[in-house]
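Here's the structure, in structure tokens; my notes come after.
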2 protein chains.
Amino acid sequence: MSEEPKPRRRQARGERRIAQLLQAAASVFCANGYTASSTNAIAREAHVSPGTLYQYFPNKEAIAIELGERLLHQMREAHGQAFTPENLALPLPGLLDAVVDPLIEFNCANPAFLALMHGSEVPGRIAEEHDELHATLLTRVQEVIAHYAPALPAEDRLRTAGMAFAAFKGGLDLVLAAPEGAERDATIAELKTLLLRYLSPLVESPSVESHSVESHSVESPVTTTPSR
Amino acid sequence: MSEEPKPRRRQARGERRIAQLLQAAASVFCANGYTASSTNAIAREAHVSPGTLYQYFPNKEAIAIELGERLLHQMREAHGQAFTPENLALPLPGLLDAVVDPLIEFNCANPAFLALMHGSEVPGRIAEEHDELHATLLTRVQEVIAHYAPALPAEDRLRTAGMAFAAFKGGLDLVLAAPEGAERDATIAELKTLLLRYLSPLVESPSVESHSVESHSVESPVTTTPSR
DNA sequence: GGCAAACACGAGTGATCACTCGCGTTTCAC
DNA sequence: GTGAAACGCGAGTGATCACTCGTGTTTGCC
């Protein structure tokens, strides 16, 4: 009944191979989707034989699960620093910068994440974990909305959070489709404008009418630890 | 060299079989995605032998293409009546109703459409046709925006149209995920609210606010050829 | 009624895929 | 140095899939 049926001692070489294989898998999954990707193709992309691949993963699904879990973990880190309490003190445009930018950046850097999470063809395990992350993010967004609009009924708050998140995901696709550079930056700015216009009417403040919409500061001086 | 290498006379029974097979294919593709769907599974869903299936379609891809084209055609009809000139005379909320409702309804009635269009695993032909439809819709949205905000520069108009469309797609996913009934209706209303709040500041009215909301001159206005 | 063609079947075929196995090589604790 | 274990290989294996074929049934036209 011990919980360690795998007392496998990994050498440093093995850890390197695993990382190499996961990177190759990310590339292949991203290009062809999970189902259409063959394990042989992943091994080839990693310049490794099929047998070597199966030394580190029991089957194809396990590759996707391990990759998905690593990406999920990174994603949680990214959104963890996005929803810090001090960001809540910011005015809405500043908060949007603080929340949107890290999430965008993560998805730009790891396109395999969306490819693995979005398909209806992924192994059930990934879908479950993704739902969990989704629920977590939704809760975070709800908390933010509750902070800015405490008078809003909970039901409306849930709907608003869901719609804001859905619109963000749609905009994210657009950002990822844009060539990186000026055009992508402009698309990101436009996405923030959309979210700002959607959420602005909810915040309770004396004279909110004549506020400038534009103020996306590139960075705020409250950054404590620069991300690795 | 004639253009009719297929002088195949179809009987009424054959047409019925084709419709039956396409409906089964829609169901199976929708549940499993294109790649993971087997032709045998489609034939089984249609209560037909594999041989019968291949009497009407030369290969698996042709099934998806025929289904995609039929859905695309219906979709064009739906959005054709969405963007009629008389709808342009409506105030913005009315226009949103007139445009959003038919598109939502179509996608609710034909969930296979998004399943077939969205995946990166679909045969190239479908992707091309989808891009075409996407471009058409974008142009329509641009025209609408141009009608409501004639002073907006073309570049901003394109960006705005793209973002509005992207947000709509995100909201559409949310609507489709909602159980039909009151909750779905509320989600649809919320989606319209989002689009209204995003687009409202663009319409020019007599006593408009002091300053234009838009001024993100993030880059110089030298637009070279935008990539395809 | 008779005939040709469309329709229907389902076992079969070749290709591909996930995965295995036997054997040789490298690493490391002692 | 030596032995055990981790690493690495690639041909091989069974299953599955897209697709075919030989044969029998139904339909429409004369």
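In what follows, every chain begins at residue 1, and chains take the letters A, B, ... in the order their sequences are listed.
Note: NE2 (B:His47) to P (C:dG10) measures 14 Å, nearest angstrom. Between B:Leu53 atom CG and D:dT20 atom C1' the separation is 13 Å, expressed in whole Å. Taking atom CD of residue A:Glu15 and atom C1' of nucleotide D:dA6, one finds them 12 Å apart after rounding to whole Å. For the pair A:Tyr56 OH and D:dA6 C1', the computed distance is 7 Å after rounding to whole Å. Regarding A:Gln55, its CD atom lies at a distance of 14 Å from the P atom of D:dA5, rounded to whole Å.
Considering only residues two or more places apart in sequence or on other chains, A:Ala166 meets the side-chain contact (heavy atoms from CB on, under 4.5 Å) condition with B:Leu174. Residues passing the ring-ring contact (aromatic ring centres under 6.0 Å, His included) test with B:Phe165 are B:His134, sequence neighbours excluded. For the ring-ring contact (aromatic ring centres under 6.0 Å, His included) test, residues two or more places apart in sequence or in another chain that qualify with B:Phe29 are B:Tyr34.
Listed by residue number, the members of residues 29-46 of chain A with any heavy atom below 4.0 angstrom from DNA chain D form an empty set.
For C:dC9, the OP1/OP2 oxygens have a side-chain nitrogen or oxygen of B:Thr52 closer than 4.0 Å. Residue A:Arg10 has a polar side-chain atom (N or O) positioned under 4.0 Å from OP1 or OP2 of D:dC7. The side chain of A:Tyr54 contributes an N or O atom lying less than 4.0 Å from OP1 or OP2 of C:dC19.
Heavy atoms of A:Phe57 sit nowhere under 4.0 angstrom from any nucleic acid atom.
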Sub-3.5 Å pairs of nitrogen or oxygen atoms, protein against nucleotides 21-30 of chain C:
none

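In this structure, of C:dC19, D:dA18, C:dC9, it is C:dC19 that holds the atom nearest to the side chain of A:Asn59. Across C:dC19, D:dC19, D:dG8, the shortest atom-to-atom separation from the side chain of A:Arg17 is found for D:dG8. Side-chain proximity of A:Pro50 to the nucleotides D:dC7, D:dC9, D:dG10 is greatest for D:dG10.
A:Thr160 is not listed as a side-chain neighbour of A:Met163, based on a closest heavy-atom distance of 4.5 Å or more.
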With a 3.5 Å cut-off and sequence neighbours excluded, list the donor-acceptor pairs that the side chains of residues 104-115 of chain A form with protein atoms.
{"unit_1": "A:Asn107", "atom_1": "ND2", "unit_2": "A:Leu103", "atom_2": "O", "d": "2.9"}

Got a list of side-chain donor-acceptor pairs under 3.5 Å for residues 65-82 of chain B, not counting sequence neighbours?
{"unit_1": "B:Glu66", "atom_1": "OE2", "unit_2": "B:Arg70", "atom_2": "NE", "d": "2.9"}
{"unit_1": "B:Glu69", "atom_1": "OE2", "unit_2": "B:Arg125", "atom_2": "NH2", "d": "2.8"}

For residues 176-185 of chain B, tabulate all N or O donor-acceptor pairs below 3.5 Å that involve a side-chain atom, not counting sequence neighbours.
{"unit_1": "B:Arg184", "atom_1": "NE", "unit_2": "B:Val175", "atom_2": "O", "d": "3.2"}
{"unit_1": "B:Arg184", "atom_1": "NE", "unit_2": "B:Ala178", "atom_2": "O", "d": "3.4"}
{"unit_1": "B:Arg184", "atom_1": "NH2", "unit_2": "B:Leu176", "atom_2": "O", "d": "3.4"}
{"unit_1": "B:Arg184", "atom_1": "NH2", "unit_2": "B:Ala178", "atom_2": "O", "d": "3.0"}

With a cut-off of 3.5 Å and sequence neighbours excluded, list every side-chain donor-acceptor pair involving residues 135-147 of chain A.
{"unit_1": "A:Thr136", "atom_1": "OG1", "unit_2": "A:Glu132", "atom_2": "O", "d": "3.0"}
{"unit_1": "A:Thr139", "atom_1": "OG1", "unit_2": "A:Ala135", "atom_2": "O", "d": "2.9"}

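No donor-acceptor contact under 3.5 angstrom links the side chains of A:Gln20 and A:Tyr56, judged on distance only.
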